[in-house]
There are 2 protein chains.
Amino acid sequence: MDFSSFITSLGTSFVIFVVLMVVFTWLQRKPGNAVIYYPNRILRGLDPLEGRTRTRNPLAWIKEAVLASEADVIDAAGVDAAVYLLFLSSVLAILVLAGIVLLPVLLPLAATDQGPTNATDTNSNGTFNNLDKLAMGHVRERSPRLWAFLLGVYWVSFVTYYVLWKSYKHVSNLRATAKSSPEVKPEEFTVLARDIPPAASGQSIKDQIDSYFKALHPETFYRSMVVTDNKKANEIWEEIEGYKKKLDRSEVVYAESKTTGKPDGTRPTNRIGFLGLVGEKVDTINHCNEKINELLPKFEAEQKSTLRDKQQSAALIFFNSKPAATSASQTIHAQKIDTWTVMEAPEPRQILWANLPKKFYERKIRSLIIYGIVFLTVCFYMIPITIISSLTTLPNLKKYLPFLKKIIDQPEIRTVLEAFLPQLALILFMALLPSLLMFLSKEEGIPSESHVVRAASGKYFYFIVFNVFLGVTIGGTLLGNLQKIIDQPKDTISLLGENLPKNATFFLTYVALKFFVGYGLELSRLVPLIIFHIKKKFLCKTEAEVKEAWAPGAFSYATRVPNDMLIVTIVLCYSVIAPIILPFGAVYFGLGWLIARNQALKVYVPKYESNGRMWPHIHTRVITALIVYQVAMFGYILILKRFYWAPFMIPDIIASFIFSYLCKKHFYLAFFHTPLEVACQGAKEIPNMEAIYTAYIPPCLSSEKSDDGDADRFEDAHSHSMRTTSF
Amino acid sequence: MDFSSFITSLGTSFVIFVVLMVVFTWLQRKPGNAVIYYPNRILRGLDPLEGRTRTRNPLAWIKEAVLASEADVIDAAGVDAAVYLLFLSSVLAILVLAGIVLLPVLLPLAATDQGPTNATDTNSNGTFNNLDKLAMGHVRERSPRLWAFLLGVYWVSFVTYYVLWKSYKHVSNLRATAKSSPEVKPEEFTVLARDIPPAASGQSIKDQIDSYFKALHPETFYRSMVVTDNKKANEIWEEIEGYKKKLDRSEVVYAESKTTGKPDGTRPTNRIGFLGLVGEKVDTINHCNEKINELLPKFEAEQKSTLRDKQQSAALIFFNSKPAATSASQTIHAQKIDTWTVMEAPEPRQILWANLPKKFYERKIRSLIIYGIVFLTVCFYMIPITIISSLTTLPNLKKYLPFLKKIIDQPEIRTVLEAFLPQLALILFMALLPSLLMFLSKEEGIPSESHVVRAASGKYFYFIVFNVFLGVTIGGTLLGNLQKIIDQPKDTISLLGENLPKNATFFLTYVALKFFVGYGLELSRLVPLIIFHIKKKFLCKTEAEVKEAWAPGAFSYATRVPNDMLIVTIVLCYSVIAPIILPFGAVYFGLGWLIARNQALKVYVPKYESNGRMWPHIHTRVITALIVYQVAMFGYILILKRFYWAPFMIPDIIASFIFSYLCKKHFYLAFFHTPLEVACQGAKEIPNMEAIYTAYIPPCLSSEKSDDGDADRFEDAHSHSMRTTSF
């Protein structure tokens with residue numbers, strides 16, 4: 001890519017960004033769009049337009065995002081969002097601190113050198129464009145100027161250590177503060193027990209669990225809730241809910257028809273066959289009522305049998321104090337340590353019920369198999385895509401699907417298909433990948449949603465770094481110069497040395513595109529806005545349906561974090577080779593921080609709260625990126641630049657491992673377990689244990705009729721509450 | 001080694017063994033030797049000759065050793081000895097089960113083959129002796145008979161898995177039984193807290209500790225004991241104890257002199273200068289009394305100042321119930337997880353006080369440095385020895401130490417020196433190695449004696465396997481054939497193939513020597529017997545001194561276990577190459593089990609009790625030996641025997657790793673922490689907490705005058721007892 005096309009691409013992206021910003025400023029003022037631009041505020045019962053009325057300044061949102069305190073962010077979007085923002089601002093700090101030193105030192109050093117003098121120079125056209133002149137490729141082999149680049153790696157490393165340590169400390173405090181708040185959270189009084197051995201004959205699982213925990217925690221055990229296999233009950237419940245929605249909708253349609261058409265109105269009808277297309281035509285309102293009445297007794301019978309007969313080998317154990325639950329969750333209970341395993345219970349809203357009864361060794365084996373699948377996917381994902389691509393060429397389509405022949409033979413359609421068919425498989429696969437990884441992570445037997453997100457994010461990170469980063473830099477260079485390499489295999493290394501710095505321009509464009517177009521779309525929320533208006537106009541009839549149409553969703557950390565991590569990896573790796581990438585990286589994370597803050601404060605609504613449990617995961621991956629960078633630089637300076645002082649970089653690599661070890665020892669365990677110190681803070685009184693217990697009852701097992709008597713109905717799978725002496 | 005010299009060596013060893021057995025049978029009947037052969041029984045207050053009087057059979061001890069139950073062994077020598085015996089019997093079981101199949105199958109297969117047909121055969125003299133004919137070296141390359149050997153590896157592996165799993169389960173139960181016994185053990189009510197942060201100004205460390213644990217364990221905290229730097233107090237205490245002993249001794253000498261010589265007796269005198277050789281001559285009794293009276297007030301002042309001013313950043317925390325202490329020891333206490341770290345307290349008798357206050361990161365760094373030192377020692381230990389050996393030749397000695405010239409020039413001394421000087425450095429080093437490793441392990445900052453023994457044993461195992469086993473097999477072959485290898489480097493592999501099976505004979509002799517001579521000496525206890533009689537005759541004057549002279553000591557697991565592990569490694573590795581080694585290994589472990597049982601029941605007195613904590617360590621090393629064996633056999637069959645079905649052994653190697661992982665998951669954690677289930681068994685009443693507390697007071701800080709008031713004197717470093725509501 002030459003300099004002018006780089007500027008063109010940058011310019012285009014910038015224009016798109018400006019257009020999107022203008023669109024955003026204009027759209028967000030319309031009251032009808034408030035549910036798209038301020039859903040978080042609306043759901044929290046605040047005035048969505050509060051900020052707008054004070055000032056007509058179109059950039060007011062920036063002021064608001066900057067001025068909001070961390071506490072505001074936590075109030076609006078939880079600790080997880082605050083930790084994600086801290087990740088963005090930490091990387092920003094690393095890049096700014098690195099840039100302050102590297103830009104003024106390395107750019108002149110590279111620009112004023114005489115250019116490389118290696119053998120392949122004569123093959124290339126010999127003209128370095130302006131951008132490449134500013135990169136390390138322009139420094140001669142064995143030049144003493146390489147010392148500055150070598151020390152640059154040290155500077156970046158130490159800046160990273162400093163910022164990461166401070167951030168880890170900060171997150172650690174955030175977590176401790178959140179965990180020691182006096183607010184009563186059900187999960188803090190609850191322990192999840194899994195791998196419960198089969199009960200003795202004549203004893204129900206519930207009895208066994210109760211007697212076991214009563215014996216070990218005589219003072220603090222409150223009661224237990226056995227996990228049941230409620231798949232069938234859930235199905236019936238969902239069916240009933242579906243009919244209820246349909247009923248509501250039909251009634252609204254019927255009422256509307258009264259006002260517009262005949263005064264009696266038209267009773268809505270539907271067919272009861274496949275997809276409502278075939279079969280007998282029925283009156284929808286009557287049909288739904290009939291169905292609901294038919295299903296309700298079945299549902300209640302199923303609820304009962306679920307609670308009685310479908311008890312599984314996992315349970316939630318409730319304690320009457322936070323320290324007791326904390327202590328119990330960290331203590332080995334059984335002599336056979338693969339039975340009665342305990343852990344802190346996840347929040348009720350993020351429990352994955354189906355995973356709880358999975359057995360100890362089953363979980364290990366599932367993990368192993370899934371790591372294998374992911375490893376193969378990461379390494380060989382190009383193979384199935386290539387196969388599918390080769391199968392879905394136009395001639396093949398015509399051959400196997402002859403009925404498409406007429407459509408394909410249209411010249412316009414033909415052109416479009418020819419352009420997109422080869423990439424179709426890749427685009428589809430990349431779009432499906434996050435869902436695939438989420439699915440695989442869930443299958444590992446992980447008990448909570450937030451843990452699944454972490455696991456999927458980790459898998460996605462390795463995929464993206466391996467394929468995008470390494471694929472483009474090394475694969476791209478080698479494939480692009482395949483003929484040269486075959487002719488002169490010895491030149492491979494010089495080729496790499498020549499091309500790696502040039503790849504920097506590609507990544508510069510990539511980063512710029514990401515922030516201009518990506519962030520523009522993110523902030524303006526054009527896609528959700530359009531979908532919402534279409535749905536509202538044509539589909540939604542009831543209030544609930546409208547609300548569902550603008551539901552903002554949560555930050556999707558499983559894809560956001562790995563994508564940001566890819567940028568971290570790219571920018572770190574090129575920070576010394578082509579320091580000009582640093583300002584681009586800084587803008588990416590600066591703008592990202594600003595926009596994510598806006599979204600956290602006004603748009604997204606968290607689905608769960610893991611109190612910053614994501615941080616150790618992020619931390620490890622930043623360190624991984626740093627080590628990849630250090631090793632790459634070591635190889636680059638030693639092999640490609642033939643600089644024999646390069647081994648002076650080895651202590652730096654060792655320092656990264658030591659730093660990682662220190663951080664783990666210093667902080668990690670407090671993210672894995674709750675320290676007793678933290679659990680002992682906060683309210684001392686015994687809270688409403690009934691409410692804590694009820695919070696964990698899955699919706700399909702709770703009775704809507706008697707909200708107050710919920711807990712008492714569960715005598716089969718759940719133990720009677722037990723008055724402790726300390727009450 | 002040819003067959004006749006093998007038989008000679010075996011015969012000589014056997015004769016020595018028989019002689020030692022006869023000596024043992026004769027000596028153990030003499031009542032004067034009871035303290036050497038039955039010290040354990042005497043110390044437990046049993047009749048030492050109980051077994052002997054019933055029968056005159058010289059082999060009665062065998063009957064007793066076999067008939068004693070495991071409970072008897074635990075009563076006499078603790079769970080640790082029972083676990084060590086189980087290790088011996090488990091290996092015996094593995095070897096017997098392996099031998100039952102391998103001997104009748106593999107020996108005929110090897111003996112009836114036509115011998116190897118490789119190129120080097122023409123170089124050797126071509127005559128295989130009887131022993132080598134029975135080994136795998138006699139099977140031709142690529143012969144289908146190799147399938148039997150390959151399957152033999154599988155058989156040995158599965159036998160090992162089976163026996164190890166059963167043994168681990170058994171030890172796990174032994175440990176649970178011991179831990180849940182109703183007997184009150186101080187360590188079960190105690191938690192060791194380390195890395196206590198500096199106290200706020202104006203607050204003593206003790207106050208800080210008390211308020212911290214009272215807040216976190218309001219119901220169950222009893223009191224705390226701060227670790228103090230009692231080095232100086234201990235020095236003074238030891239000095240006083242020394243003078244007391246000397247006083248006792250002088251008084252006995254004085255009393256004796258009255259009966260033998262003059263009626264007034266001779267008052268013993270000594271010189272007070274260097275080693276009692278120079279300086280003023282004084283009356284010993286008066287001198288000692290003076291010294292003791294002089295030191296006592298100094299000692300009491302030091303005790304007080306130690307308790308008040310020398311408090312360290314570690315403490316023992318006492319709880320009023322076993323489950324509370326267990327639970328507390330497994331719970332993270334502080335948000336900063338590298339402060340207030342807690343663990344189960346070691347037994348009072350095995351605490352290493354000096355290590356307790358060592359800081360978290362200091363311990364990590366010390367471990368790292370010591371691993372480095374051990375790694376270098378294991379890899380390069382031959383270098384310093386070679387240097388010392390080359391320096392301590394006779395000419396050098398004469399040159400540097402001319403005053404020795406006269407002695408060295410004596411022809412007899414010269415011959416002896418010439419024979420032994422080269423090995424002197426090696427012998428000295430090997431004799432000092434266990435102490436060096438114990439010292440290094442202690443320096444890691446490990447808090448208990450038993451843990452230090454495990455750590456030293458692990459280090460010794462790697463040393464011994466690397467140097468003795470690999471050194472002899474591979475190093476020996478390569479060095480012995482250095483000229484051939486230099487001439488024809490390509491033949492290295494064939495040379496190894498030819499020589500490895502022949503090494504089996506060397507190891508056969510080694511194993512036989514070990515059990516015949518080693519066990520003979522162990523059982524007959526000739527060395528302790530002679531030392532005891534010399535000491536009793538010439539040195540001991542008081543009762544206490546005599547008792548000290550026959551004190552039996554404990555099993556020295558730190559050297560025993562690695563030495564046995566070396567035999568395990570050797571026998572496993574040769575089990576298929578030369579199955580004839582199996583009976584020798586079986587005799588080694590059978591005889592070892594018998595003799596160790598005898599010693600456990602009658603001789604050794606345990607220094608500490610770790611409830612079988614050694615087992616996971618032993619287990620891991622047996623698995624390591626198994627994996628070394630599998631990998632070696634894979635290499636041997638694939639490379640040396642050119643058998644291309646050898647990759648069929650890879651699943652076996654993987655199976656070993658999986659087995660190891662399973663065992664760890666299934667059993668290990670219950671050895672690391674005490675399960676709550678176990679802690680909740682046993683006595684429910686609150687025991688005498690005062691006694692538990694007093695058990696932990698180091699001797700130099702306890703007052704001998706007021707035994708009952710000990711605990712109350714420690715108000716400075718130790719908190720006042722706290723009455724809990726449940727009392």
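Since the model is a prediction, treat every value here as computed from it, not as a measurement. Just so it is clear: chains get the letters A, B, ... in the order the sequence lines come, proteins before strands, and each one is counted from 1.
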Inset, instruction - Would you name the heavy atoms of Cys680(B) and Ala215(A) that are closest together and state the gap between them? - result: SG-O, 4.4 Å
Legend entry - Interface moiety of Tyr668(A) toward chain B, non-hydrogen atoms closer than 4.5 Å: backbone
Legend entry - From Thr339(B) atom OG1 to Glu677(A) atom CD, the distance as rounded to the nearest 0.5 Å: 6.5 Å
Legend entry - side-chain contact (heavy atoms from CB on, under 4.5 Å) assessment of His666(B) paired with Phe360(A): CA-CA 10 Å; His666(B) 198 81; Phe360(A) 193 78; over 6 Å; no
Legend entry - Which portion of Thr674(A) sits near chain B, non-hydrogen atoms under 4.5 angstrom: backbone
Inset, instruction - Mind running side-chain contact (heavy atoms from CB on, under 4.5 Å) on Leu662(A) and Lys364(B) for me, showing each step along the way? - result: CA-CA 10 Å; Leu662(A) 278 185; Lys364(B) 304 283 164 202; over 6 Å; no
Inset, instruction - Give a yes or no on this: more than 12 heavy atoms of other residues, nucleotides or ligands lie within 6.0 Å of atom OH of Tyr361(A). - result: yes
Legend entry - Shortest non-hydrogen separation from Gln335(A) to Ala670(B) and the atoms involved: O-CB, 3.6 Å
Legend entry - chain B contacts, top residue of Lys665(A), Lys336(A), Lys169(A), Lys179(A) (heavy-atom pairs, under 4.5 Å): Lys665(A)
Legend entry - Residue Phe667(B) versus chain A: region with a heavy atom under 4.5 Å: backbone
Legend entry - Minimum heavy-atom distance Ala334(B)-Pro675(A), with the two atoms named: O-CB, 3.4 Å
Inset, instruction - Heavy atoms only, distances under 4.5 angstrom: which of Ile337(A), Asp338(A), Leu216(A) has the most pairs with chain B? Name it, please. - result: Ile337(A)
Legend entry - Residue part contacting chain B, namely of Leu368(A), when any heavy atom lies under 4.5 Å: neither
Inset, instruction - Would you indicate whether Lys664(B), at its atom NZ, is surrounded by more than 12 heavy atoms from other residues, nucleotides or ligands within a distance under 6.0 Å? - result: no
Inset, instruction - Indicate the atoms forming the closest heavy-atom contact of Ser327(B) with Ser327(A), along with that distance. - result: OG-OG, 3.1 Å
